[in-house]
Amino acid sequence: MEIDDTSSAVHAQSDNDFREALERVVAHRPWRLVTDLEKDESAGVLKYEFVTNDGKENSLIDLVHCKCLFGRQLPKMPKEYIVRLVFDRRHICLVMKRRQEVAIPSSTPSGSKTPSPEEEKTIRVQDVVVGAVCFRLFGSFAEIAFLAVSSKEQVRGYGTRLMNQLKEALKHHGITDLVTYADNAAVGYFAKQGFYSPTASQATKSDSEWHTCIKTGYDGYIKDYDGANKMVCCIYKSVDYLRLQEMRVECTSALWQVFLTKSTPVRHKGLEMMPKRIFEVPGLEHLAPPEENEEPPRSRRSTPRPESPPRQRPVPSRLQVPTSIEAMVSDVIETALSNGSSWPFRDPVDVSLAPDYYQVIRHPMDLSTMKSKNQKNIYRTLDEVRSDFRLMFENCLFYNGDESVYAHAAGVLERAVMQRLDRLEAMAGHK
Ligand code: ACO
């Protein structure tokens, strides 16, 4: 996957379109993109059940429906084989049921072959199996034997939701990988769910290190099928498979922030694996919290080797004591600029983003203004710098409100800056 700050959409639209789009996105925090399927799930119209052959009547009825669904949707699969696996006690079916009206054929009166029109109209509301996936657990991975969605409901997102429900449920049971033999016709669907052929080029070296099933080898466990494609998919603990849409919006928003704060588009190397945290995405490193990239790694060796003279380790910049007010102010401004939450405060507010800003805010302040004030030696005490920071944060809250994405960034940055100022004051006092 290529991460490109100048995606095709960026090329297609002007800066202003993007700024407006960003405004719209941030204005709707907290993100909550509810799909129709999610609405149906909350309303109880759509539900999921794990069913296995435990001998209970309801389970057997559900499994018969699964068998019929698989039989209809996988016509080339021998019916006996479907029955054997679906009713095998080591297999489990995740069944997707939809509450809907069903025409129930009434019992025909004796002597008449066809039911009367009134009798045909008998309608009942009941839970109907609209999708199912039959799988078996093998230690840390699961093999999907069959998967199908009823023909009336296909290509409406049911297959994706069913797969995500399965991943989310298995994730909580320590399952790290899914394996399947996909029919040629279904390879495209599985690819869109994150499956790939382990022998194909997508299986990078780093992937093979991560995939337990590849590391431990599943070939001894599951059967090989002719005419089907072996595909695997990793289940990531850090991904919430039931709110993928929202996670996408959060990532998009982060990319926009990068786009808006960079004047020159940069094409980064693509991702080799799913990042655990947003700042692991190439180009988004600056979103890392300060501790992540500022703390120098600690050496395990506590004493120097006797034969070599003790190495003079360079003192990390954040531990050096600045000697003048100008150096201290410069230090705290650099601390602020390197913080991932400083993006709204780096430059004066752009009027094209906020046309009325300078009518509302009479005393604007930002980091670049503070930097140039410092270069002109305007600051005489750290208190003066502190009050400029306060002014900058108060302006932000006053203009954007307490709930805005900017207010959140201001809170994070304020804590980091005030901590650094306190520390500088303490160090200066001890000199
Ligand atoms: N080939 C390529 N792409 C597909 C296919 C397919 N057969 N089916 C769906 N897709 C795409 C959709 O267009 C959609 O793309 P988009 O996200 O870009 O819009 C995406 O995959 C997800 O589609 P959904 O609507 O979520 O999937 P759907 O509800 O249609 O379910 C399924 C997919 C289960 C494959 C269904 O089409 C089906 O039951 N097919 C017949 C049975 C079958 O082939 N089962 C798999 C056999 S392999 C096995 O069981 C191990």
Side-chain angles (χ1 to χ4, degrees), residues 1 8-9 33-41 45-48 63 65-86 88 90-98 100 128-138 141-168 170 175 177-198 200 202 213 218 221-233 235 241-245 247-249 252:
M1 175 171 42
S8 53
L33 300 181
V34 184
T35 61
D36 287 347
L37 293 189
E38 282 176 73
K39 280 186 202 155
D40 287 349
E41 284 167 12
V45 176
L46 202 57
K47 52 188 176 187
Y48 306 85
L63 291 180
H65 284 300
C66 290
K67 181 220 75 167
C68 294
L69 177 66
F70 294 141
R72 271 196 304 273
Q73 297 304 323
L74 300 164
K76 288 187 192 153
M77 192 63 75
K79 300 282 178 288
E80 301 75 19
Y81 183 62
I82 295 177
V83 171
R84 185 146 67 79
L85 262 54
V86 168
D88 173 63
R90 292 164 302 184
H91 281 80
I92 304 167
C93 284
L94 173 59
V95 187
M96 187 185 209
K97 291 181 182 176
R98 185 174 190 91
Q100 58 192 50
V128 175
V129 174
V130 289
V133 49
C134 176
F135 63 95
R136 181 174 164 185
L137 301 177
F138 293 91
F141 69 90
E143 183 203 0
I144 294 179
F146 310 118
L147 167 91
V149 167
S150 77
S151 49
K152 272 192 210 160
E153 313 289 359
Q154 282 175 17
V155 201
R156 292 175 57 195
Y158 282 67
T160 300
R161 193 68 182 165
L162 183 60
M163 182 61 76
N164 285 332
Q165 289 280 355
L166 178 69
K167 286 180 183 171
E168 188 63 22
L170 295 184
I175 302 295
D177 299 87
L178 288 172
V179 187
T180 195
Y181 278 84
D183 282 359
N184 286 340
V187 167
Y189 160 81
F190 279 105
K192 287 191 173 171
Q193 310 308 315
F195 285 70
Y196 62 85
S197 165
Q202 296 102 307
C213 70
Y218 47 75
Y221 292 90
I222 63 173
K223 239 173 102 175
D224 264 319
Y225 299 90
D226 287 338
N229 306 273
K230 187 192 286 177
M231 297 183 86
V232 298
C233 169
I235 300 178
Y241 290 97
L242 300 185
R243 56 178 291 277
L244 284 175
Q245 290 276 57
M247 289 180 78
R248 272 187 208 128
V249 171
T252 312

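Because only heavy atoms are used, hydrogens play no part in the values below, and waters and symmetry mates are left out as well, while side chains stay in. Both counts, for ligands and for their atoms, begin at 1 and track the order of listing.
Between the side chain of Lys167 and the backbone N or O of Cys233 there is no donor-acceptor pair closer than 3.5 Å. The backbone N or O of Ala182 lies less than 3.5 Å from a partner atom in the side chain of Asn229, making a donor-acceptor pair. Listed for the Gln154 side chain is a donor-acceptor partner under 3.5 Å among the backbone atoms of Val149. Checking side-chain atoms of Asp183 against main-chain N and O of Ala185 turns up no donor-acceptor pair under 3.5 Å.
The ring-ring contact (aromatic ring centres under 6.0 Å, His included) check on Phe190 picks up Phe195, with sequence neighbours excluded.
Residues of the protein with a heavy atom under 4.0 Å from ligand 1 are Gln73, Leu74, Ala145, Phe146, Leu147, Ala148, Val149, Gln154, Val155, Arg156, Gly157, Tyr158, Gly159, Thr160, Thr180, Tyr181, Ala182, Asp183, Ala185, Ala186, Gly188, Tyr189, Phe190, Lys192, Gln193, listed by chain and number.
The pair Glu153-Arg98 fails the salt-bridge criterion, with no side-chain N (NZ, NE, NH1 or NH2) lying under 4.0 Å from an Asp/Glu carboxylate O.
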